[in-house]
Amino acid sequence: MPNIIHITDLSDPALAPFVSTNEIQLKRWNEPQPEGLFIAESPKVIRRALAAGYTPTALLCEQKYLDGQATDIIAACESAPVYTAPSETLTELTGFKLTQGVLCAMQRKPLSPADTLLENASRVVVLEDIMNQTNIGAIFRNAAALGFDALLLTPAASDPLYRRSIRVSMGTVFQIPWTYLHAQPPEYVTYLQSKGFAAVAMALRSDTLSVNDCRLAQYDKLAVILGTEGEGLNAQTIANCDHTVKIPMSHGVDSLNVASASAIALWELNKRK
């Protein structure tokens, strides 16, 4: 039987993971253990997290969804407590209106080392210092949809398991392998090359190739490197890469949002001879 708990006290300590807006606190929730918590939002996202083997610790659900779209999720969460109240109460508790009425606090899993992810990969995306959570989520969704094998993030990049990134990704952060690189820019480029990857920087330079240049399809292993919003890639990162690549544009437009650019680039750069 599901453990349904009707909320009567918004200050109940058991509700703290849903009240906290500081996602760094959630990430450190179980210290000194290294893996903390994250919040998955909406039924589709929660289902994908459960399918990927993440363990739920608690659910927050609008009353009207207990016997509706959340029924299978509640059953799958087994002994995890299900806290419920009307929508207005949950909005007061969390500070925002729930997307489709369900939140799930879940336990993080240990990240695999980059060596493991690259072992059987042939096309990977690297996010250098990208901080915008919406862009992180959109790039994950693009990479998963367009057949890339893994994503690697530099240490300064935002956490893909922040709530907004998870939601924008539509849960694909649970479906495509990812991890953090230990090396900082630009040293990680040499590491990728040592693993047999041709490193391709999305940037403008005098010798930049068009994203549909046939030479790029010759590589068995390709790492597509995307830079942070505004400043773009580290200059030395670009210098260390095997190629720089651009998306041809019109009307004097010199660049696209990094998430939009990733959709075009990943579609083209997954083509091979």
Would [X] end up clustered with [Y] when hydrophobic side chains under 4.5 Å apart are linked, directly or stepwise?
X      : Y      : value
Ile225 : Ile238 : yes
Leu192 : Ile139 : no
Tyr83  : Phe96  : yes
Ile130 : Val224 : yes
Ile4   : Leu60  : no

Within the side chain of [X], is there an N or O that forms a donor-acceptor pair under 3.5 Å with the backbone of [Y]?
X      : Y      : value
Thr179 : Ser112 : yes
Gln69  : Pro43  : no
Asn3   : Ala80  : no
Arg28  : Pro34  : no
Thr154 : Asp129 : yes

Compare every heavy atom of [Y] with every heavy atom of [X], then report the nearest pair and how far apart it is.
X      : Y      : answer
Ala76  : Leu50  : CB-CD1, 3.9 Å
Val102 : Leu98  : N-CD2, 3.9 Å
Pro155 : Leu181 : CG-O, 3.3 Å
Ala40  : Met106 : CB-SD, 4.1 Å
Ala261 : Ile247 : O-CD1, 3.6 Å
Ala265 : Met202 : CB-CE, 3.7 Å

Just checking, any donor-acceptor pair under 3.5 angstrom between side chains of Asp149 and Ser122?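 Judged by distance alone, the side chains do pair up.
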
Quick one, [X] and [Y] - any side-chain contact, counting heavy atoms below 4.5 Å?
X      : Y      : value
Val45  : Phe174 : yes
Trp267 : Lys271 : yes
Asp12  : Ile5   : no
Val173 : Leu151 : no
Asn135 : Leu226 : no
Asp9   : Leu15  : no
Leu269 : Leu222 : yes
Pro160 : Leu153 : yes

Apply side-chain contact (heavy atoms from CB on, under 4.5 Å) to residues Leu118 and Leu152 and explain how you reach the verdict. CA-CA 10 Å; Leu118 295 176; Leu152 304 172; 3.9 Å; yes

Could you check Tyr188 against Asn240 for side chain to side chain donor-acceptor pair (under 3.5 Å), going step by step and ending with a plain yes or no? CA-CA 10 Å; Tyr188 71 83; Asn240 288 0; over 6 Å; no

Nearest-0.5 Å distance, [atom1] of residue [X] to [atom2] of residue [Y]:
X      : Y      : atom1 : atom2 : answer
Ile46  : Leu103 : CD1   : CG    : 6.5 Å
Glu23  : Trp29  : CD    : CH2   : 12.0 Å
Gln193 : Cys241 : CD    : SG    : 7.0 Å
Tyr65  : Ser87  : OH    : OG    : 8.0 Å
Gln100 : Lys44  : CD    : NZ    : 8.0 Å
Asn257 : Asn132 : CG    : CG    : 7.5 Å

After noting the C-alpha distance and the side-chain angles of Thr134 and Arg164, does the key distance pass the side-chain contact (heavy atoms from CB on, under 4.5 Å) rule? CA-CA 6 Å; Thr134 299; Arg164 181 180 294 275; 3.3 Å; yes

Partner of Asn30 under side chain to side chain donor-acceptor pair (under 3.5 Å), picked from Glu35, Gln107, Arg108, is Gln107

Apply side-chain contact (heavy atoms from CB on, under 4.5 Å) to Ile136 and Tyr162, showing your working. CA-CA 10 Å; Ile136 292 276; Tyr162 284 169; over 6 Å; no

Step-by-step side-chain contact (heavy atoms from CB on, under 4.5 Å) determination, Ile7 to Leu90: CA-CA 9 Å; Ile7 297 171; Leu90 298 187; 3.8 Å; yes

Are more than 12 heavy atoms, taken from residues, nucleotides or ligands other than [X], located less than 6.0 Å from that residue's [atom1] atom?
X      : atom1 : result
Asp115 : CG    : yes
Arg47  : CZ    : yes
Lys221 : NZ    : yes

